[in-house]
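Below is one structure, written out as structure tokens, with a few remarks after it.
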Amino acid sequence: MAENPPNIRPDLAPQARFGEQPRSGQPTLGMVSLGCPKALVDSERILTRLRAEGYAISPDYTGADAVIVNTCGFLDSAKAESLDAIGEALVENGKVIVTGCLGAEPDYIREHHPNILAVTGPHQYEQVLDAVHAAVPPAPDPFIDLLPATGVSLTPRHYSYLKISEGCNHKCKFCIIPDMRGRLVSRPAHAVIREAEKLVDAGVRELLVISQDTSAYGVDIKHAEDRGHRAHITDLARDLGTLGAWIRLHYVYPYPHVRDMIPLMADPTSGVLPYLDIPFQHAHPDLLKRMARPAAASKTLDEIAAWRATCPDITLRSTFIVGYPGETEAEFQTLLDWLDEAQLDRVGCFQYENVDGARSNALPDHVPAEVKQDRWNRFMEKAQAISAQKLAAKVGHTMDVIIDDIDEDGVATCRTKADAPEIDGNLFIDDNTSALQVGEIVSVTVDEASEYDLWGAVNTR
Ligand code: SF4
């Protein structure tokens, strides 16, 4: 067997998901998944995470830098099959990481296959990712990866990324994703829901929906409906919201149909968090056109006002590029004025850089480094002031938080519904945390705020 067996993601992955050409230097892994549905959940989580970290998944052993074998050890025949699969991966590839149920017997495996790189037990997917990082170091590329550079840290079990599509139909001039990852390929909605159900069954309390262009989900498959689920982002968000986890949407573009999702966000019983991560990148219409941004002509301030009218508690996060080729001081000032009016809750900002292969490299009038730095400073100063003011207004309010970590001093690091992991702020609880558990959602009252973080106390339960 020199191919990933189809049962890795039986109906989940259109061929393109496995058939893509890794970009030059992209770390690439193969995977063999044996065993029961629980093992499959782990395989799926590992694959989702690895892809989000920038790894390519090879359809065959020879194209991979290493192979993960997720084993089964339930019956003797399953053990034998697992040992065979490990042996074959060693012959075909040579670098093999073993996980899964048979991984609970590392001595038994090493007796047969002493040359494997690492063995971890069932459901220890964090350790698998550790082993992958050691064997095939990630090569984060901020221009095409979906996770922040810190994303190589491990996803705790209580939240998970859920990738709904791959590729992108746009041609933003600073971006090479369409060249690297191809055009939009959406997963069938029933397959996304199925993966999400299994993640929730496995203990996940928060699902982070990611893709290159979440609002375009399903366009390529004509929003097909199959097994009761329609491949449209509004329907998908509604369906995901019934699973009992927090649903957080990333990388949404301000198309008119985004308005249809806002009532879901305004309904506290829908499960869809009142949180939109929208990469606006700039506010000046001419500059957006020069970037060839999707929805460049949309009146974003009007859209934002309409969203807030429907859902006053909505948290808006965005990223921006300053110093794009040809950006004039007047265009930059438009951006600052826009931010003043938009009052976004969370903001990231990058200084423009050339990326190999991007069409923007050839644009005239590149902005000098010191001007970019100055604009970045001015932009961040304003964004920080807005954030500080918004967080100060939360003091005295009661809200639910999800607990991400409790350290040895008993300080609990949590997130409100307004905070995505790894990119937004935190809410810290300093006292009375002994009864709390990581992954739990608790009610707190906010008692202090800084520019980016909050502090609070647990309400009596
Ligand atoms: S929308 Fe633009 S920036 Fe985003 S992935 Fe597509 S081409 Fe790149």
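Atoms within each ligand, like the ligands themselves, are counted from 1 in listed order. The structure presented is a predicted model; accordingly, all values stated were derived computationally and were not measured.
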Next item on the list: Using a strict cut-off of 4.0 Å, indicate which atoms of ligand 1 neighbour a heavy atom of Q212.
Entry: 5 (S)
Next item on the list: Flag this pair as yes if the NZ/CZ of R415 is under 6.0 angstrom from the six-membered ring centre of Y159 and inside a 45 degree cone about the axis; otherwise no.
Entry: yes
Checklist line | atom 3 (S) of ligand 1: the protein heavy-atom neighbour that sits closest, reported with distance to 0.1 Å | finding: R293 NH1, 3.4 Å
Check: Mind checking whether Q281 has a heavy atom under 4.0 Å from ligand 1?
Finding: no
Item checked: Proximity winner for atom 8 (Fe) of ligand 1, if only heavy atoms of C168, C175, A358 are counted -> C175
Note to self: At less than 4.0 angstrom from any non-hydrogen atom of P178, what atoms of ligand 1 do you find?
What the structure shows: 7 (S)
Next item on the list: Report the relative orientation of the aromatic rings in H257 and H232; use parallel for angles under 30°, tilted for 30 to 60°, perpendicular for over 60°.
Entry: perpendicular
Notebook entry, point to check: Would you call Y251 a ligand 1 contact, heavy-atom distance under 4.0 Å?
Noted result: no
Check: Does E195 come within less than 4.0 Å of K163, counting only side-chain N to carboxylate O?
Finding: no
Margin query: Is C172 close enough to atom 2 (Fe) of ligand 1 that one of its N, O or S atoms comes in under 2.8 Å?
Written below: yes
Checklist line | N426 side-chain N/O to T413 backbone N/O, donor-acceptor pair under 3.5 Å | finding: no
Checklist line | Check ion pair K382-E341 (N to O, under 4.0 angstrom) | finding: no
Check: Do F174 and Y352 have ring centroids that are under 6.0 Å from one another?
Finding: no
Next item on the list: Quick one: look up the protein heavy atom nearest atom 4 (Fe) of ligand 1 and list residue, atom name and how far away it is.
Entry: Y253 OH, 2.9 Å
